[in-house]
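Given the structure is predicted, the values throughout are model-derived calculations rather than measurements.
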Amino acid sequence: MQVTETLNDGLKRGYTITVTADELAAKVDEKLREAQPEIEIKGFRKGKVPMAMLKKQFGQRLMGEAMQEAVDGAMQAHFDETGARPAMQPKVEMQNGETWKEGDDVTVALSYEALPEIDEPDFAAITLERLVVKADDAAVTEALENLAKQAQDFEDKDGAAENGDQVTFDFTGRIDGEAFEGGAATDYPLVLGSGQFIPGFEEQLVGAKAGESRDVTVTFPENYGAANLAGKEAVFECAVKAVKAAKAAELTDELAARFGAESLDALKGQIREGLEGEYAQAARAVVKRGLLDALDSAVTFDLPESLVEAEASQIAHQLWHDEHPEVHDHNHGSVEVSDEHRSLAVRRVKLGLLLAEVGRKAEVEVTDAEMTQAIIQQARQYPGQEREFFEFVQKNPQMQQQLRAPLFEDKVVDMVLGKAAVTEKEVSKDDLKAALDALEAEA
């Protein structure tokens, strides 16, 4: 077997791999000898079929397998010997495929872009500022009052219904005078202004009083879930039975117990801890962006063009779909890749390769427990189908990589932040929000 270099330009590599006819024939013979003990043909006992007959019957079929194994073996030996790591799947083409016949040598062309050599920057020289926000009493009180609203009760009121009031009513919906399935209910409690019903319905019950009947006329949205109702006008006969005003729960130990806390003070402590956890997550996003900006400026290396082009195309497609949410598949025309897409792709590929190399050298790994937790969190988006989602992930290596990649990146980022010079700066909640808004604006 002979490997000859044909291209060495930047990160681009090209080779020809030649497998001689004798090497190929030897591989076929080896496969036949391995299979011979288990083969049984009429007229011969199991394991006693002559090699010449085996070669005549099975040799042609095994030739392709032998070719593939020989080429794969040569490629792996090349990567082991040179230490080269292809950026994407190498391209392999048989040079003499159209004219090749048994007894000829096999020659293939191997081409790929190698991952670049990356020198790590001095992480200790990177200076960053981590924003710290303490949950003040006002924020805790606001959150507590929101919980009280969630736990609010309703009490009968005299007078007309207003937004925020609960109306209990019977209703029957009709289209062209005919009642339709699912269009009626009895003693239905509806909080006006909650947006629970289709647009225009709740507004027409504002001002209604207990004992009053009203006809509510609405048009179902064009994209309504039930196709037989989509876009159609309906009239709902509504009989209002009661109007109740909201009464927020009092801030007492009893309220705290409803949310699983031993006391009101304990609930406040939980709220404060939760708020500061949210602030810390937001602050981490800000300091992570600062770190990535610093790394982007600190390192320079050649990038595989194939990775940049693939990333730019993916960015262009994602942004196109963001602008056309009505298109859920890829049955559309080509999406033009702009200079802005390529610029963003360059940054993503550069930082992705850098973090991957830093993590590889530091032997950063995502544990099975971390992966399981990530799968559980993702599965919660599919209530009732958690088991099916788990099975899907187990059988889908690509999905596993999609879940593992951000976990790996976060672990590498945390490791680098631990080496960088990070100082803390206490700021207000509004300052942190302004920093987050600036990130989103840049994105």
Once you measure the plane-to-plane angle for Tyr15 and Tyr112, does it fall in the parallel (<30°), tilted (30-60°) or perpendicular (>60°) bin? parallel
Exercise: do Thr367 and Glu370 side chains pair donor with acceptor under 3.5 Å: yes
Strictly by modelled atom types, are Asn396 and Gln400 linked by a side-chain donor-acceptor pair under 3.5 Å? no
Does any part of the side chain of Phe220, heavy atoms only, come nearer than 4.5 Å to the side chain of Pro199, both counted from C-beta? no
Are any of the side-chain nitrogens in Arg258 or Asp253 under 4.0 Å away from the carboxylate oxygens of its partner? no
Going by the rule side chain to side chain contact (heavy atoms under 4.5 Å, CB included), which residues pair with Lys395 if we only count those two or more places apart in sequence or in a different chain? none
Do Val133 and Ser428 make a side-chain contact, defined as non-hydrogen atoms from C-beta onward lying under 4.5 Å apart? no
For Gln318 and Asp322, what are the C-alpha separation, side-chain angles and deciding distance, and is it a side chain to side chain donor-acceptor pair (under 3.5 Å)? CA-CA 6 Å; Gln318 182 60 56; Asp322 289 346; 3.0 Å; yes
Would you call Asp414-Arg284 a salt bridge at under 4.0 Å N-O? yes
For residues 377-391, run the donor-acceptor check on the side chains, cut-off 3.5 Å, and write out each pair with its distance to 0.1 Å, sequence neighbours left out.
unit_1 : atom_1 : unit_2 : atom_2 : d
Glu386 : OE1    : Gly384 : N      : 3.0
Glu386 : OE2    : Gly384 : N      : 3.4

Is the backbone N or O of Ser194 less than 3.5 Å from a side-chain atom of Glu202, with the two atoms forming a donor-acceptor pair by type? yes
Residues Lys361 and Glu357 bridged, charged N to O under 4.0 Å: yes
Is a donor from one side chain sitting under 3.5 angstrom from an acceptor on the other, for Asp72 and Gln76? no
Is there a donor-acceptor pair closer than 3.5 Å between any side-chain N or O of Asp165 and the backbone N or O of Val243? no
Does Lys12 come within less than 4.0 Å of Glu113, counting only side-chain N to carboxylate O? no
Under 4.0 Å between a side-chain nitrogen and a carboxylate oxygen: does that hold for Arg342 and Glu309? yes
So that I can tick it off, tell me whether Glu409 and Lys288 are bridged by a salt bridge, with the cut-off set at under 4.0 angstrom between side-chain N and carboxylate O. yes
Report yes or no: do Glu142 and Asn146 form a side-chain donor-acceptor pair below 3.5 Å? no
Hits for side chain to side chain contact (heavy atoms under 4.5 Å, CB included) against Thr127, two or more places apart or cross-chain, chain-then-number order -> Ala421
Taking only Lys NZ, Arg NE, NH1 and NH2, and the carboxylate oxygens of Asp or Glu, determine whether Asp137 and Lys268 approach each other closer than 4.0 Å. no
